[in-house]
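Structure record follows, encoded as structure tokens.
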Number of protein chains: 2
Amino acid sequence: MKKKQTVTIYDVAREANVSMATVSRVVNNNHNVKPETESKVLEVVKKLNYRPNDVARGLASKKTTTIGVIIPNVTNSYFASLARGIDDIAEMYNYNIILTNSDGDHKKEMKVLNTLYSKQVDGIIFMGNELLDSVRTELISERIPVVLAGSVDPQKQFASVNIDYQKAVYTQATKLIEQGNRKIAFVTGGLNIPINREYRLKGYLDALATADIEFDDSLVFDVSNINYENGYQLKDKLLSAGATAAIVSNDRAAAGIINSMNDSGIVVPDEFEVTTSDNTELTKMMRPTISTITQPLYDIGAVSMRLLTKMMKNEEVVEKNILLPFGVDYRNSTK
Amino acid sequence: MKKKQTVTIYDVAREANVSMATVSRVVNNNHNVKPETESKVLEVVKKLNYRPNDVARGLASKKTTTIGVIIPNVTNSYFASLARGIDDIAEMYNYNIILTNSDGDHKKEMKVLNTLYSKQVDGIIFMGNELLDSVRTELISERIPVVLAGSVDPQKQFASVNIDYQKAVYTQATKLIEQGNRKIAFVTGGLNIPINREYRLKGYLDALATADIEFDDSLVFDVSNINYENGYQLKDKLLSAGATAAIVSNDRAAAGIINSMNDSGIVVPDEFEVTTSDNTELTKMMRPTISTITQPLYDIGAVSMRLLTKMMKNEEVVEKNILLPFGVDYRNSTK
DNA sequence: TTGAAAGCGCTAACAC
DNA sequence: GTGTTAGCGCTTTCAA
């Protein structure tokens with residue numbers, strides 16, 4: 001397979017009897033070109049089937065119109081939804097995304113950042129549960145715009161787009177309390193992670209405090225690798241801790257808990273209530289359907305990308321830590 | 001935010017008292033360099049924190065170590081799994097992927113292909129249900145390697161990685177027939193799509209023929225936009241056509257059918273059996289769990305990428321249309 | 001084993 | 001409004 005012979009800006013210039021600079025102006029919609037010249041150039045562009053080489057452009061202009069997206073795992077529909085929002089807006093602004101999976105592994109994050117920098121990306125959207133110091137340092141080292149999407153940074157060092165997780169959990173917990181639950185389990189994927197420790201857990205604690213319920217730390221379940229299987233395994237512990245409801249921070253884990261309850265004859269929601277937080281499609285497909293925080297996942301991605309375009313173009317950014325509105329849907333896993 | 005001052009190969013050369021060519025050789029692991037020279041250069045590289053500029057490299061070498069991945073929708077876990085396999089192998093071979101969503105829209109596919117070509121990608125992995133002629137033409141026009149992942153091309157014009165869909169459906173249908181079903185619905189997302197028309201449907205017909213059951217076309221349900229909701233709506237039609245089982249080509253649609261059956265008191269699998277084909281996580285989370293073809297999704301992506309690396313390096317490719325082994329898992333949506 | 005030098009295809013001053 | 005020209009940072013002959 002022989003590679004196609006490429007048509008360059010020089011070929012167009014020669015054929016149209018103008019200079020390369022003029023062709024460049026036309027191709028880049030620079031208006032300082034006489035209409036007749038422009039149409040002549042355009043004609044030749046079409047005739048020769050000229051397509052600008054973005055790599056050469058990138059080298060000359062130091063802009064690649066490519067951004068890096070670091071995602072723990074595309075296979076996780078929470079992140080996939082964000083990625084979709086990002087890509088759509090990127091396309092709208094003529095950017096492309098280089099997508100890389102990190103598995104939330106800091107070594108991989110470091111490595112990936114380095115290759116993204118080598119590729120001269122114009123900006124970075126970072127998703128991850130945690131921002132290790134080394135990664136943080138690396139992230140600012142190149143001095144290109146960075147936005148955290150659906151990922152919190154308590155230090156607020158970076159621009160970010162999220163919902164108010166603390167308030168969301170507070171709302172869920174309060175509702176469960178109003179329904180008579182006094183022992184509500186809090187199931188989370190690692191309290192070492194800021195989003196869980198600094199926001200979700202606080203929302204839970206706030207609700208308890210408001211209702212004058214004493215905090216019982218045996219009701220906090222810190223499941224480091226939170227997934228369906230681990231959720232499924234959790235049933236006995238939940239029950240023996242005396243919990244009558246659970247606030248879960250991951251849809252698949254919530255599904256696991258519900259299935260394992262039902263599989264052993266415990267009726268959800270009558271005997272045990274469950275709420276979750278991502279509103280992935282799964283929450284509607286499960287029986288019972290799962291009550292959940294409704295996060296605008298696509299929008300979090302979309303807004304992140306929009307914010308990044310502003311930063312890349314040095315436009316004014318009024319608020320760099322954006323909180324999008326959220327909802328709480330009560331479905332059939334709660335009374 | 002001022003952009004960081006960049007260290008170039010020239011800086012390293014000067015500081016190490018060698019030529020740019022030598023630095024280039026060292027950085028690229030070209031072995032024709034005296035060990036002492038090499039270590040001296042490496043030292044300076046480290047000291048100056050030199051990082052090669054891939055854009056400049058790409059311009060000079062005409063290789064970007066970046067490939068384009070065209071995917072209908074990352075949000076669909078079938079494709080997300082493929083994408084994950086692709087990215088992992090890409091990383092292993094030091095490639096990055098530019099990911100773009102096409103929604104299976106041919107206009108978008110054309111547009112995206114053009115921007116990928118502008119970005120000088122070294123290869124393309126294409127996913128999509130259908131290969132329109134215009135897209136086909138565009139796909140070969142640039143003469144760079146292309147692999148279809150989880151996407152068939154009856155004309156076998158492109159390299160591809162798939163499973164034997166015909167045989168898979170044949171296996172499922174035969175099993176349902178053995179269990180006594182005579183009226184088996186075939187639910188598919190568009191017979192205009194080759195994979196459904198040329199492979200899946202044929203597998204279904206083969207099974208009927210083998211069992212000497214006459215084909216009844218009122219049992220074929222052509223749902224163009226196949227998803228959970230449309231599956232859910234299908235129940236009445238399925239029942240009034242007299243079907244006692246359904247072979248569905250999409251997990252979410254199968255979930256919809258099952259939920260709607262159960263929601264209206266029809267017991268799956270006792271009164272109606274369902275099989276599906278993607279083995280996404282959902283099939284295990286549903287109650288009843290769904291019997292399904294088990295496709296090695298991750299591997300399809302991984303093998304596609306591996307194949308592409310071979311093509312990009314002009315290595316010999318023994319078989320360009322790869323069929324990976326599949327299985328059929330019988331779970332609780334069948335007797 | 002090393003260096004010199006010519007590009008790769010484009011943009012961006014700057015000059016006219 | 002248009003052209004000239006000097007790079008952008010690197011790879012790759014070719015020659016030594």
Side-chain angles (χ1 to χ4, degrees), chain A residues 3-42 44-45 48-66 94 115 117-122 142, chain B residues 3-42 44-45 48-66 94 115 117-122 142:
Chain A
K3 198 144 178 226
K4 208 170 114 185
Q5 161 98 45
T6 53
V7 178
T8 73
I9 199 171
Y10 177 77
D11 300 320
V12 177
R14 191 167 26 79
E15 187 82 9
N17 277 312
V18 295
S19 70
M20 288 162 56
T22 299
V23 177
S24 176
R25 288 189 189 101
V26 170
V27 170
N28 292 297
N29 279 311
N30 185 317
H31 286 307
N32 298 38
V33 180
K34 211 192 329 178
E36 304 132 56
T37 317
E38 177 168 0
S39 58
K40 186 174 59 180
V41 170
L42 252 19
V44 176
V45 163
L48 263 43
N49 211 270
Y50 168 70
R51 174 193 292 136
N53 179 328
D54 277 350
V55 173
R57 255 186 185 165
L59 185 58
S61 70
K62 300 185 175 282
K63 299 235 161 299
T64 56
T65 60
T66 301
N94 291 310
T115 88
Y117 291 150
S118 290
K119 294 250 155 108
Q120 314 297 123
V121 294
D122 295 339
E142 201 67 15
Chain B
K3 201 150 178 218
K4 207 170 118 185
Q5 161 99 44
T6 53
V7 178
T8 74
I9 199 171
Y10 177 78
D11 299 322
V12 177
R14 189 165 29 76
E15 187 83 9
N17 276 312
V18 295
S19 70
M20 287 163 56
T22 299
V23 177
S24 177
R25 288 190 188 99
V26 170
V27 169
N28 292 297
N29 279 312
N30 185 318
H31 286 307
N32 299 34
V33 179
K34 214 195 319 179
E36 304 132 57
T37 317
E38 178 169 0
S39 59
K40 186 175 58 180
V41 170
L42 252 20
V44 176
V45 163
L48 263 42
N49 212 269
Y50 169 68
R51 174 194 291 138
N53 178 328
D54 277 350
V55 173
R57 256 185 182 165
L59 185 58
S61 70
K62 300 186 175 284
K63 298 235 160 300
T64 55
T65 61
T66 301
N94 291 311
T115 87
Y117 290 150
S118 290
K119 294 249 155 109
Q120 314 297 122
V121 294
D122 295 340
E142 200 69 12

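Convention: sequence-line order gives letters A, B, ...; per-chain numbering from 1.
Picking from C/dC8, D/dG9, C/dC10 the nucleotide with the shortest atom distance to the side chain of B/Lys62 gives C/dC8. Listed nucleotides C/dT11, D/dT2, D/dG9 differ in distance to A/Val33; the shortest reach to its side chain belongs to D/dT2. Nearest nucleotide to the B/Ile9 side chain, out of D/dC10, D/dT2, C/dG9: D/dC10. Candidate nucleotides D/dT11, D/dT2, C/dC10 were compared by shortest atom distance to the side chain of A/Arg57, and C/dC10 ranks first. Considering only side-chain atoms of A/Pro52, the nucleotide from D/dT12, C/dC10, D/dC10 that sits closest is C/dC10. The side chain of A/Asn53 has C/dC10 as its nearest neighbour among C/dC8, C/dC10, C/dG3. Counting only heavy atoms from C-beta on, B/Lys34 has its side chain closest to C/dT1 among D/dG3, C/dT11, C/dT1. Distances from the side chain of B/Thr6 to the nucleotides D/dG3, D/dT12, D/dG9 place D/dG9 closest. Counting only heavy atoms from C-beta on, A/Thr8 has its side chain closest to C/dG9 among D/dT2, C/dA12, C/dG9. In the set D/dT11, C/dG3, D/dG3, D/dG3 carries the atom at the smallest distance from any side-chain atom of A/Thr22.
When rounded to the nearest whole Å, the span between CG of A/Asn32 and C1' of C/dC14 equals 14 Å. For the pair B/Lys63 NZ and D/dC10 P, the computed distance is 19 Å after rounding to whole Å. With rounding to whole Å, B/Asn29 atom CG is found 15 Å from D/dT11 atom C1'.
Between the side chain of B/Arg25 and the base of C/dG3, a donor-acceptor pair under 3.5 Å is found.
In this structure, the side chain of A/Asn28 does not engage the main chain of A/Asn30 through any donor-acceptor pair within 3.5 Å. Judged by distance alone, the side chain of B/Asp54 and the main-chain N or O of B/Arg57 form no donor-acceptor pair under 3.5 Å. Looking only at distances, no side-chain donor or acceptor of B/Asp122 sits under 3.5 Å from a matching main-chain atom of B/Lys63.
In summary, B/Arg51 and A/Glu142 engage in a salt bridge, as defined by a charged side-chain N under 4.0 Å from a carboxylate O.
Note on B/Val55: nothing from the nucleic acid sits closer than 4.0 angstrom, heavy atoms only. B/Asn28 comes within contact range of the sugar-phosphate backbone alone, with a heavy-atom separation under 4.0 Å but no base atom that close.
The residue among B/Val27 and A/Ala60 whose nearest nucleotide of DNA chain D is located toward the 5' end is A/Ala60.
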Side chain to side chain donor-acceptor pair (under 3.5 Å) assessment of B/Lys119 paired with A/Thr66: CA-CA 9 Å; B/Lys119 294 249 155 109; A/Thr66 301; 3.2 Å; yes
